[in-house]
Each structure stands twice: as C-alpha cells, then as structure tokens.
Amino acid sequence: MSDTNVTVQVQGFGDVTVPVGADFVAVLAAAGRANDPAVLAVSVDGVTLDLTAAVAGPCRASFLTFEDEAGFEVFRHSTAHLLAHAVLRLFPEAQPTIGPVVEEGFYYDFAVRPITPEDLAAIEAEMAKIVAENHPVARLELSREDALKAFAANPFKVEMIQAFEEGSITAYRQGEFTDLCRGPHVPRTGMIKAVKLTKMAGAYWRGDQNNQQLQRIYGVSFPDAARLDAYLAAIEAAKERDHRKIGQEMDLFSFHDEGTGFPFWHGKGMTLRNTVVEYWREVHRNYGYNEILTPAILNMSLWQTSGHYDHYRKNMYVTTIDDVPHAVKPMNCPGGLLVYKSRMHSYKEFPLRVAELGAVHRHEMSGVLHGLFRVRSFTQDDAHIFCTPEQVEAAVVETIGLVFEMYKTFGFTEVAVELSTRPLQGSIGTDEMWQVAEAGLAAALTTKEIDFQLNPGDGAFYGPKIDFHVKDCMGRSWQCGTIQVDFSMPERFHATYEAEDGTRKVPVMIHRAILGSLERFIGILIENCAGKFPLWLNPTQVKVLPVGDKFADYAKQVTATLTAAGIRAEADLRNEKLGKKVRDAQMQHVNYQLVCGGREAENGTVSVRARNGEDLGPMAVADLVARLKDENARRVL
RNA sequence: GCUGGCGUAGCUCAAUCCGGUAGAGCACCUGAUUUGUAAUCAGGCGGUUGUGGGUUCGAUUCCCGUCGCCAGCUCCA
C-alpha cells in the first residue's frame with residue numbers, strides 16, 4: 001500500500017482502498033454501492049459522519065441506513081433542517097432556535113408569530129418543494145468570529161455559539177438556507193421522501209418558563225410513503241385504545257366539569273376496580289400484610305411534623321375545621337405513623353407490614369391532567385414496612401418478589417428497574433444513613449439478580465428508592481411501583497420500638513407501592529388490552545343472547561345460574577335479531593356470548609361464541625360454569 | 001400555570017368561513033316483525049349551541065371574559 005492510498009474496512013463488504021483525501025461517497029462506490037439511495041451517513045470507528053466527510057486514515061466504516069438508529073437520527077435531524085428551511089421561506093422574519101430528534105420524530109422551535117394549522121399545510125408543501133429541488137447538503141466549519149457574524153441576527157444562535165468551543169463550530173448549508181448544526185446530515189434534501197408535520201405547540205427557550213415562548217413544530221419523516229402511512233395507521237390504532245375513549249364506551253368512569261381531574265367511577269368501572277383490589281388483598285394477605293385505613297383530612301400540625309407543609313404545601317388542599325387549619329392528605333404515611341404510634345412496638349413484630357389503599361388528593365397543575373393517568377384524586381396501593389436497619393435488605397428482597405408476582409398476574413412481564421440515589425441538594429439525613437440505605441437497595445437487587453439502571457441524585461429527599469416501570473404491549477413504559485427507604489419520617493414522629501437490648505430505638509420505614517395509583521394502573525390495563533379484558537378482569541364476562549322473545553325465560557334462567565356461580569353475566573332481552581346482539585356484545589368486548597334458542601332450551605345447553613369469533617358449540621350450562629370458574633380462578637390472561 | 005386548538009342532543013358529527021332563532025346517524029321510547037352468530041323496518045322523544053357579557057333589528061356564527069376538554073411545554077446547534 002502506498003502513501004497515497006488508504007484502506008477502509010467496510011462492514012459487510014471487506015477492505016476497500018481509496019486515495020488519501022477521498023470521501024466516503026467514494027468508499028461507498030468502491031464497495032460496489034455507488035449512489036445507493038438508502039445510505040444516509042457513515043459510522044467511522046463508531047462515530048457518525050457525513051458521507052461527504054474525507055477519509056482521514058485507515059479505519060473501519062459501516063454505512064448507515066434508516067434501519068440503523070444512528071442513520072435514523074441523521075434522517076430525522078435532516079428533516080428538522082428541511083422544516084426550518086421551509087419555515088424561513090414562508091416566514092423570513094422567523095428565528096430558528098433548536099431542532100432535535102425526539103422519540104416521536106423531531107421538532108424545531110422558532111421565534112415567530114403563532115403558527116396555525118393552515119400554516120402547517122403550507123410549510124409541508126414548501127418542504128416537498130425543497131425535497132424536489134434536491135439540494136446538496138454541505139458542511140461548513142466556522143471560527144467563532146465567523147459564526148457570530150453569520151448568525152448575528154439570531155440571538156438564540158448567538159447565545160449557543162458563545163457556549164461552544166472554538167474549533168468545534170459547524171454549520172450546514174442546503175440551497176439558500178444555512179443552519180448552525182453539529183451534523184451529520186443526509187447528503188441531499190431529495191432523500192427525504194415522506195414527511196408529516198404532526199402537531200404544533202408552545203415551548204420555552206431552553207425549556208424554562210421564564211424564557212421567551214417559542215413556536216414548536218413537530219413532525220415525522222420516512223424514506224418512503226409506505227412507512228409514513230404505516231406510522232399514521234399505528235397512531236390511529238393507538239387512539240382507538242385510548243382509555244378515555246374506552247372508559248366512556250364501556251361505561252367504566254367519567255369526568256365532569258364540577259370536579260376537574262376527579263374521576264367518577266361507574267358500576268362497571270367499580271367492578272373492574274374491585275376485582276383488582278380483591279386480587280391485591282389476596283396477595284397482601286399471603287405476604288403477611290395487615291390493612292389499615294386513615295382519614296382523608298387531618299390537622300395541619302401533622303403535615304408540619306411530616307415536612308409536607310414545607311416541601312409539598314403548594315400541592316395540598318387546605319381547609320379549616322372549627323377555625324383550625326387542616327389539609328386533605330396528599331400521602332398516607334403520616335396517618336400510618338399515627339397508627340404505628342398508637343401502641344408500643346417490639347422488634348419481635350418486625351418487619352411490620354402495614355398496607356393502606358389510601359385515597360389521596362393532590363393539586364396538580366390543570367395542564368397536566370390526563371384521563372386516569374394524571375388526576376387530582378387517586379388511590380395508592382400504599383404500604384409501610386417498619387423494620388430494623390438490618391432487616392431492610394431482606395424486606396426489600398421480599399417486596400421485589402411481590403412486585404414481580406403482581407405484575408405477572410396482570411400480564412406485564414417486561415419490567416425495567418431503576419435505583420435512584422441521594423439528591424445533591426435538599427436531602428435530609430446523615431451520610432451514613434444514605435450509604436446504608438443505598439447499599440441495602442442495591443444488595444437486594446443483586447440478590448434478586450435484577451438488572452437495573454442507576455439514577456444518581458434522583459432519590460426522594462428523605463431516602464433512596466427503587467422504581468419499577470412496566471412495558472405494555474405497545475412497547476410503552478409506565479412507572480408504577482416504587483420502594484423507598486426512609487430513616488427520617490419515623491424520627492420526625494418520634495416513632496420507636498423496643499429492641500432486643502431493652503432500649504428504645506427508631507425503626508426504619510420502607511414506603512412502597514406496586515400498582516402505584518389504582519386509577520392510573522387501570523388506565524394502563526385498559527390501554528394494554530384495548531378494552532378486551534381477560535375474563536377475570538372483565539366487568540361483563542358473559543352475555544346471554546336469546547334468539548327470540550320466546551326464549552327470554554330460558555335466557556334469564558341461564559343468567560341467574562351463572563350469576564349465582566359468581567360469573568358476571570347479563571342477558572340481552574331486547575327485541576333485536578341475533579346478529580345485532582352479537583355485534584353489540586362484540587363491541588362491548590364481552591368474553592363469551594351464549595346463544596339460547598329452541599335447541600338449547602330443550603337440552604339445557606347454550607351455544608358458546610368466544611370473543612375471537614370462535615364457535616365453541618353447544619355446552620351444558622353446568623359444564624360452562626365449571627369452565628368459566630376455572631378460567632376466572634386461574635386468572636387466565 | 002403557559003401557548004395553541006376545540007366546546008352544537010346521552011354519544012359521533014353537520015350547519016359557523018360570508019350573522020337570519022339548529023340537522024343527521026347511533027343510543028333511548030313506541031309499534032310492526034319473532035328473529036340462529038358483527039347493524040330488521042317505521043314513527044317518536046331529545047338542544048335556552050359550556051357559561052357570562054358586548055356588537056347588532058337579529059348571534060351557534062363576530063368581539064371580550066370565564067369554565068372545561070385536547071395537544072405540547074424533559075430530549076439541547
């Protein structure tokens with residue numbers, strides 16, 4: 001090999017030799033993929049670069065397409081530039097700020113007059129024009145001085161440039177549009193075949209409410225129209241499983257202007273909720289918990305003792321009783337501590353497991369409310385475990401087991417775990433307390449052989465925590481469970497126990513929730529199954545469908561038999577044809593439809609149709625009852 | 001809370017741009033039909049157009065306030 005050539009190891013192809021100073025377009029050609037339209041960028045020794053970057057020396061290169069995460073990001077980021085390019089053509093006075101790639105596509109923030117939905121269509125059309133013009137995208141390296149000059153009219157870019165290191169400042173130019181950017185980018189605007197601007201919103205410069213409000217435009221993009229269409233279809237499908245829509249259709253719950261953010265549970269919703277609670281109680285009994293219930297409104301002095309008055313007051317509802325300030329509880333722990341303190345405790349009782357399905361009220365900002373997911377009143381499946389410092393690890397190990405067991409029952413087998421440690425500021429307690437608590441949680445996770453992500457500084461102000469995120473069938477992640485070690489609350493309340501040596505000591509308190517909020521968890525359940533509940537959870541498990549009025553009595557009789565056996569059955573006695581009743585039962589996502597006609601009434605059977613449309617044929621009512629009871633008892637998913 | 005969009009019958013929507021006192025489907029009720037595995041037919045009931053004010057001869061429509069709903073407000077060139 002001579003000095004004038006350099007060898008590049010191309011992944012999936014082999015070695016390629018090109019002249020020194022050649023770019024990766026040449027490497028691509030040498031690898032037999034000249035002008036491959038799928039190639040967006042190149043990864044050189046792990047660093048993503050433009051295809052137009054020069055080969056600096058011997059290296060390993062792999063070409064990136066939309067299928068590679070890095071290639072995908074380049075593509076989306078280039079689309080953000082395309083968006084800014086189009087916006088500047090239509091609104092020359094607009095000042096572009098930043099335009100990153102996000103999970104759901106990309107966005108670009110502009111300082112510009114409010115953008116309307118009509119503008120969005122015009123911008124999309126302009127973007128299509130720029131794509132058709134197929135401008136090459138060129139990288140420019142700038143000195144700070146030149147960069148400041150080039151972007152002098154845009155205070156946001158100036159602010160950014162001032163923060164950058166000299167020598168690292170680059171910009172990209174396509175046609176008449178140049179944007180400050182780290183890159184890399186796709187080589188030509190023509191590669192961005194399918195774009196959809198999805199929504200627009202206000203956002204603050206650098207995410208700070210005190211800064212100027214900007215106009216944010218969101219979008220998605222794909223290398224071809226088919227993938228865009230598939231994406232849009234998936235969005236529509238997600239709307240169909242929105243728990244707010246299903247909650248209304250299935251008559252589970254409602255919201256009213258008279259109580260913003262406060263859910264009203266209907267009969268069907270309560271059945272679902274009670275089923276969840278029933279299971280919850282069963283498991284907690286098995287794990288040695290005892291259940292308590294503490295009041296909703298308590299004297300403000302309690303919240304002063306607990307520290308909520310100082311740390312959480314802005315989220316609390318306050319009231320006055322007999323001229324004395326009180327507050328509606330935002331958390332259950334202070335009440336739980338009063339119960340603990342109501343009598344003496346011995347180390348022999350530990351770990352003392354006390355659970356409470358406590359309804360808490362929190363004043364959340366109006367803008368964050370969202371169906372059952374974010375409400376102002378919800379029921380926590382709370383529990384507090386009182387123990388000695390030595391028992392923390394074992395108690396946490398046990399709780400982790402409980403968490404996984406419950407999630408599995410509801411069909412959530414993919415669970416992500418995070419350990420959050422002491423916040424840098426505003427935490428209470430000694431270094432030693434924190435070290436012991438953090439080590440205890442980490443050790444418990446290790447014992448259970450659970451992979452976890454460490455979030456340094458993300459703990460509560462009173463102690464470290466483990467958070468559990470369940471993944472639903474759409475791949476979305478929901479934080480539900482939490483285990484928090486707390487050394488300080490028992491101390492504030494002067495809670496004690498009598499130790500083995502006869503001295504009074506302060507117990508450790510472990511706060512934990514598994515479902516988190518019943519409301520939210522039920523919302524997750526609804527979206528996870530799109531309203532098609534497994535039998536054990538479904539508020540209406542069975543619909544009995546007489547084929548005509550003549551068989552109404554038989555249908556009633558079957559329904560009564562099922563109900564007596566603990567099966568949630570309803571008869572559809574409307575004067576409608578069978579097809580109509582089947583259709584309606586399907587739309588209500590009932591698990592089984594039992595058709596009753598002459599043949600069935602004569603033989604004491606029902607013809608069973610499953611929700612998936614399968615015809616299970618005629619079945620003796622007693623056999624069906626046995627089958628459903630079994631499916632129910634085993635909580636089949 | 002902030003920005004933008006939206007509030008019309010129990011539900012889904014039309015009429016709103018360009019002011020002339022609201023219309024359909026589903027649901028519900030009545031009748032006919034007596035039904036065999038995803039919608040039988042006909043008739044009927046149902047709305048001070050979220051709410052308060054303003055402009056106007058006249059406001060669902062235009063303007064202002066207010067309440068509620070929806071989306072976004074973490075991702076850093």
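Just so it is clear, the structure is predicted and the values come from calculations on it, not from any experiment. FYI, side chains are in, hydrogens and waters are out, and symmetry mates aren't considered; it's all heavy atoms of this structure.
- For G72(B), neither phosphate oxygen OP1 nor OP2 lies less than 4.0 angstrom from any side-chain nitrogen or oxygen of His370(A).
- Between Lys543(A) and Asp584(A) there is no salt bridge, since no side-chain nitrogen of the basic residue lies less than 4.0 Å from a carboxylate oxygen of the acidic one.
- Of the side-chain N and O atoms in Tyr204(A), none sit less than 4.0 angstrom from OP1 or OP2 of U74(B).
- Applying the 4.0 Å criterion to OP1 and OP2 of U33(B), one finds that Lys580(A) has every side-chain N and O outside that range.
- Stacking of Arg611(A) on the aromatic ring of Phe533(A) is not recorded, the 6.0 Å distance cut-off and the 45° axial limit not both being met.
- Not counting sequence neighbours, the partners of Phe177(A) by the ring-ring contact (aromatic ring centres under 6.0 Å, His included) test are His85(A).
- Note: CZ (Arg376(A)) to C1' (G68(B)) measures 11 Å, nearest angstrom.
- Residues meeting the side-chain contact (heavy atoms from CB on, under 4.5 Å) test with Val318(A), sequence neighbours left out: Met300(A), Ala327(A).
- Across residues 234-251 of chain A, Arg244(A), Gln248(A) each have a non-hydrogen atom less than 4.0 Å from an atom of RNA chain B (numbered order).
- Here G5(B) presents its P atom at 13 Å from CG of Leu120(A), a figure rounded to the nearest Å.
- No donor-acceptor distance shorter than 3.5 angstrom exists from the side chain of Gln174(A) to the backbone of Pro136(A), with no hydrogens or angles considered.
- Lys157(A) and Glu159(A) are not joined by a salt bridge, as no carboxylate oxygen comes within less than 4.0 angstrom of a charged side-chain nitrogen.
- Glu527(A) and Arg476(A) are joined by a salt bridge, as a carboxylate oxygen and a charged side-chain nitrogen come within less than 4.0 angstrom of each other.
- Residue Arg609(A) places at least one side-chain N or O closer than 4.0 Å to OP1 or OP2 of A38(B).
- With sequence neighbours excluded, the residues satisfying ring-ring contact (aromatic ring centres under 6.0 Å, His included) with Tyr218(A) are Tyr107(A).
- A salt bridge between Glu570(A) and Lys268(A) is present, with a side-chain N of the basic residue lying under 4.0 Å from a carboxylate O of the acidic one.
- A centroid separation of less than 6.0 Å is found between the aromatic rings of Phe110(A) and Tyr108(A).
- In this structure, Arg574(A) places its CZ atom 13 Å from P of A39(B), rounding to the nearest Å.
- Taking a pair as Watson-Crick or G-U wobble with both distances under 3.5 Å, RNA chain B forms stems of 3 or more consecutive pairs at B:1-7 with B:67-73, B:10-13 with B:23-26, B:28-32 with B:40-44, B:50-54 with B:62-66.
- For the segment residues 67-75 of chain A, no residue has any heavy atom less than 4.0 angstrom from an atom of RNA chain B.
- Between the P atom of C73(B) and the CG atom of Asp109(A) lies a distance of 10 Å, rounded to the nearest Å.
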